[in-house]
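The next block holds one structure in the form of structure tokens; read it before the comments.
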Amino acid sequence: MLVRFWGTRGSLAKAGPSTLRYGGNTSCVEVRSASGTLVVIDCGTGAHGLGQALVADPSQPLRGHLLISHTHWDHIQGIPFFAPLVVPGHKWDIYAPRGLSQSLRDTLAGQMQYTYSPVTIEALGATIAYHDLVEGLFVVGDITVRSRYLNHPALTLGYRLETDGVSIVYACDHEPFSRQPSTGQVEIGEQDRRHADFLRGADLVIHDAQYTATEYANKIGWGHSTAEYAVEVCTAVGVKQLALTHHDPLRDDASLDQIVSAMRAKLKSANQPLHVFSAAEGQTIELESRTNERATDVAQEFSAVTPMTPALSECVIFLGATDAQTAKVIKGAASAEHVRLTSSTRTQNALQTIETDPPSLVIIDEQSGGDDAVAVCQRVNQLGTHGTSPAPIVVVADRENPASDLAIFATDWLLRPFSPQYVRTRIRAWILRTTCRWMRAQMPKNEETRLAALKKLEILDTATEERFDRITRIASESFDVPIALVSLVDHDRQWFKSCIGLSVKETPRDMALCAHAILEDQLLIVPDTFLDPRFADNPLVTGKPHVRFYAGCPIKLPDGNLIGTLCLIDSRPRQLHGRKRNLLRDLGKLVEIELSRRLQPI
Ligand SMILES: [Zn+2]
Ligand SMILES: [Zn+2]
């Protein structure tokens, strides 16, 4: 894997003699896998130079993937000036955290409006697909990408990229949840522990380090880390190399040198092997592949793109007793996110409210709550609004894990002081995390003709046939999966012409993963349903047959209609790479041939 820094500055571009060596452009990193998948992370002003280099390359047109951490200016300002997006012929996928009410495309269009930008979003000539992300896992080319929410005053995702046995993490912009300048001083909280897990064992971590521990006292709540924190967390989880980035606009080259020397001295005296450096514009890092067999490029088939329409409008926040100022900020944030809010200051009323209008999220104050708050938390835990899991409880406090009766109920903490923007971001993340992660498939655009084509086969509800069972047997054996199906997607059910490993003959269409697979003429691979917002809470995932891995090859009739799938199911998370994908396609072809025989009487 090759990593090249095109922009390392935070907040604002800062060109000039004092930033010559580390660079003045804002965030932009180029990543290439050994087989050539191109990923660009963030599109700050550094993207201009990268864009020029890319279009100068004769091997056009380009196929690229742009991962945006968040839509603050310093991370997207380069978009209108990124040549491969402007010039027609190239093909890009753009990924960024989804908002609650506005799509990614609309958000980007905002900064490119006529008043602010000479290039509007309509003027971008490349073929662009916009993907709104939540936490989870998806695949771009031969790279597996994990996304995780960071702690910043805008909804921000960190990305962990893995391929060829190599892993890199981009965590920018991020402030430790505990708001301590370094982890050594406090017991690390649950959210910080998860952040550490996200970085664990990476070959390279590119981490926010805008401040030093000394400066941090005046920057609490600004959403950035200290160099000390980045070094400590990376040391703790066995990271090999750490690139400090998002350099403050006030930081000159000499002071960056000083920070690195100080960090290296600290690591040396602790006898830690972590290699730390300040990311510099133009710097290239090559990470050696660890696997011999390289995954082939599957660029056309990213598999776990996230949904657009979870039922957010049905979310309700319950706000317990709190001081007037806190209540005002939280109410304002909920209303800005178009989320309904209920509240009550008296125990009896509070219990009644959460029973008649079960909340998706509870925010409760450690100071004003008292015994009433404990009763409310107990009731919320008993209730459970999303199937078996109760609503998360967020405790407002001055610091994490205070000696409070509420501590045992806290799913997360909201630490004072906080800005309205910060509360809004956290509410968004909590709600996106807890929204029921199960989506019914959309109806195909050609549903009527598709159903007509399926009916014409006169195959539904017919007896099993050896010629189909032979194919599912081969599939089950050669992919080593317990379940293989020829599934046909009927009006309101999926019906199995052949099934190995399942005793039922059909399931409702609402639950069918195959109903998703027939939406596009390409393989649908879900490596881990638990991590996929479309399927994590699907009854076929949470209950029998406990679908954890799914791979479906759409079955296409000669007239182009996609009527069902040949699919593989396992109860363990899996991957399906290169040649195996081709094999599944080949077997799918055999099903197509058998089916089309029904159309031509012999
Ligand atoms: Zn930033
Ligand atoms: Zn930011």
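In listed order, ligands and their atoms are each counted from 1. In this text the structure is predicted, and so the values were computed from the model without any measurement.
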*Give me the one residue out of K14, R9, Q210 that meets side-chain hydrogen bond (donor to acceptor under 3.5 Å, both in side chains) with D248.*
Q210
_So I41 and W6, do their side chains get closer than 4.5 Å, heavy atoms only?_
no
*Looking at the Zn ion (ligand 1), is one of the N, O or S atoms of H70 less than 2.8 Å from it?*
no
*Is the Zn ion (ligand 1) less than 2.8 Å from at least one N/O/S atom of H224?*
no
*Taking everything shown except K266 itself, do over 12 heavy atoms lie less than 6.0 Å from its NZ?*
yes
*asked:* Only N/O/S atoms count here: what is the atom of H72 closest to the Zn ion (ligand 2) called?
replied: ND1
_Does D173 form a side-chain contact (heavy atoms from CB on, under 4.5 Å) with L150? I'd like the steps, not just the answer._
CA-CA 7 Å; D173 306 358; L150 302 178; over 6 Å; no
*the Zn ion (ligand 1): angle it makes with NE2 (H246) and NE2 (H75), nearest 10 degrees*: 100°
*Strictly under 2.8 Å, is any N, O or S atom of H152 next to the Zn ion (ligand 2)?*
yes
*asked:* With a cut-off of 2.8 Å, does D74 put an N/O/S atom close enough to the Zn ion (ligand 2)?
replied: no
*Atom name in D173, limited to N/O/S, at shortest distance from the Zn ion (ligand 2)*: OD2
*Find the distance between CG (D208) and CG (N151) and round it off to the nearest 0.5 Å.*
11.0 Å
*Output the distance between atom NE2 (H207) and atom CG (L242), rounded to the nearest 0.5 Å.*
8.0 Å
